[in-house]
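Here is the structure we will look at.
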Amino acid sequence: MDQDNNSEDESVGPSEDPYEEELPCLPPGLSDAEAMEMLWQVRAQRRQSSPDLPETVTRLTAPDGSLLYLVGTAHFSDSSKKDVAKTIRAVQPDVVVVELCQYRVSMLKMDENTLLKEAKDINLDKVQQAIKQNGVMSGLMQILLLKVSAHITEQLGMAPGGEFREAFKEAGRVPFCKFHLGDRPIPVTFKRAIAALSLWQKARLAWGLCFLSDPISKEDVEKCKQKDLLEQTMSEMIGEFPALHQTIVAERDIYLTHTLRQAARCVEAPPNAQKVPAVVVGVVGMGHVPGIERNWEKQLNIYEIMSVAPPSRFGQVLRTVMKGVVIGMLGYACYRAGGSLGRTLLSIPTVQSLLENLQLPPA
C-alpha cells in the first residue's frame, strides 16, 4: 500500500536498487503460466544471495531449508522502518509476517497524520469500545496501555507501527509476496493478563500506568533498539508481576514463533510447481527476538495459550457491585434533582452502554 505522507517516503530514503524499478512490461501473447514464470525470474534476479543486512536482523533456518530474516524493531523508530525496507528489498521474500493481529490491522491503512491524532486522542468512545470488546477489567487495562502509547506518541510526535506500514508497502512491491498477521489476538492477551493478576496487583499496575509522565526523546528510542521502547517501558512497570510478563511477552513469543514457522514452508515455483525453500521476513519488536530464537526449534502448543478462563465468582460479584454503584448514583441524582433529570441521564447512550457492559455474563 503506497502512502501519500511524506514522512513515509522519506523513511527509506532514495534508492537506485534495480528492484526499486517498475516491473518490466510483459510481451503480448504470453500465457498466464509464462507470465508467472517471467515475474518469478525477475524476483529471483533481484534477490541477493548474500545480502548486507542491518545488525537488527537475525537469520533462522527451518528444517526444509526455508529462511527467516527476523527484523527486531522499536515501534517508534525511523531507523527501524529503514531496516525493514532494506531487508525486504534485499531478500525479496515469499512472505512477510508482522507483529499485528486482526484487531490492529487498521493501522496499516491509515496515514501517519491520522494515526498520530488517533494515538493521542483517548476519548469516551474508545473506552466504551474497549469495554465492549474485552470486558470491564480487560477493557480498562487496554485503555491504560493505550495511554502509555499515547504518552510516547506525544513525546516523540511520531505514531506507532511505522515499521509495519513500511513492511506492508514494501511487500506490495515484491512479486508473489504474501503478507501475514502473526500476533495473538489482543483480546486474548488482555484477558489472560488480567486473569493472572490479583486485585491488588491490578490496582498497582493501573496506578503506575495512570501516572506515567517521564519524558522520552528520539535518542532514547534509538538507544532502545536492543529492546523495544514500549515493551521496555512496560517491562519496567510489570517487572514485579512475573505472571503479567508471562502473558504479555513470553506467551506471545510462542505464538509469534508458531506463525513464523507456519510461514517458513516450501513454496511452489513455476512452471512445474516444484517445491523450493521459502524466504520469509518477520517484523517484530526487539523484545520478542530472544524468545523467538529460543522457541524456534521447540515443539510448541499454542492451544494452551489461546484459552481464556471464565470469569471468577469474585469477578461476577465485582461487576454486580459496580453496576449497583452506577444505578445507585443515578437513583441519587433522580432523588436530588427530580425524575426528569434521572430520565434524561438514563436516555444518554453513554450511560445505557455502560449499564449494558456491566451486565453479568451468561452462565
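Model, not experiment: these values are computed from the prediction. We number each residue from 1, following the sequence as shown. No hydrogens, no waters, no symmetry mates; every other heavy atom, side chains included, goes into these values.
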Does [Y] offer a backbone N or O that forms a donor-acceptor pair with the side chain of [X] under 3.5 Å?
X	Y	answer
D64	C266	yes
E170	A167	no
Q92	R89	yes
W40	P175	no
S80	A74	yes
T259	G182	yes
S66	A62	no

Passing candidate, side-chain contact (heavy atoms from CB on, under 4.5 Å) with W296, options L60, T58, T61: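 That would be L60; it is the only one of L60, T58, T61 passing the side-chain contact (heavy atoms from CB on, under 4.5 Å) with W296.
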
Mind running side-chain contact (heavy atoms from CB on, under 4.5 Å) on M38 and E34 for me, showing each step along the way? CA-CA 6 Å; M38 182 175 179; E34 290 172 332; over 6 Å; no

Please report the closest heavy-atom contact between [X] and [Y], naming both atoms and the distance.
X	Y	answer
A171	I88	N-CG2, 4.4 Å
T257	G291	OG1-O, 4.3 Å
V281	T87	CG2-CG2, 4.1 Å
G72	M286	O-CE, 3.3 Å
D253	R294	OD2-NH2, 4.4 Å
A278	V267	CB-CG1, 3.9 Å

Which residues pass the salt bridge (Lys or Arg N to Asp or Glu O under 4.0 Å) test with D183, sequence neighbours left out? R104, R252

Could you list the residues that satisfy salt bridge (Lys or Arg N to Asp or Glu O under 4.0 Å) with E268, not counting sequence neighbours?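 Applying salt bridge (Lys or Arg N to Asp or Glu O under 4.0 Å) to E268 gives K275.
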
Within a strict 4.5 Å, meaning less than it, do heavy atoms of the [X] and [Y] side chains meet?
X	Y	value
P93	Y69	no
S77	E163	no
T73	V84	yes
M36	P271	no
V91	Q48	no
V71	T56	yes
V280	D94	no
V283	V97	no

What's the separation between atom [atom1] in [X] and atom [atom2] in [Y], rounded to the nearest 0.5 Å?
X	Y	atom1	atom2	answer
Q246	E251	CD	CD	5.0 Å
R46	Q41	CZ	CD	13.0 Å
T189	Y103	OG1	OH	11.0 Å
L260	L68	CG	CG	5.5 Å

Before you tell me yes or no, could you show the steps for K86 and D83 under salt bridge (charged side-chain N to carboxylate O under 4.0 Å, His left out), namely the whole-Å CA-CA distance, both residues' side-chain angles and the distance that decides it to 0.1 Å? CA-CA 5 Å; K86 181 177 181 179; D83 290 350; over 6 Å; no

Can you tell me if [X] has over 12 outside heavy atoms packed within less than 6.0 Å of its [atom1]?
X	atom1	value
N301	CG	yes
Q102	CD	yes
E293	CD	yes
D52	CG	no

Once ring pair (Phe, Tyr, Trp, His ring centres under 6.0 Å) is applied, do any residues pair with F179, and if so which ones, sequence neighbours excluded? F168

Does either side chain, that of T247 or that of R192, offer a donor lying less than 3.5 Å from an acceptor on the other one?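 There is no such pair between these side chains.
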
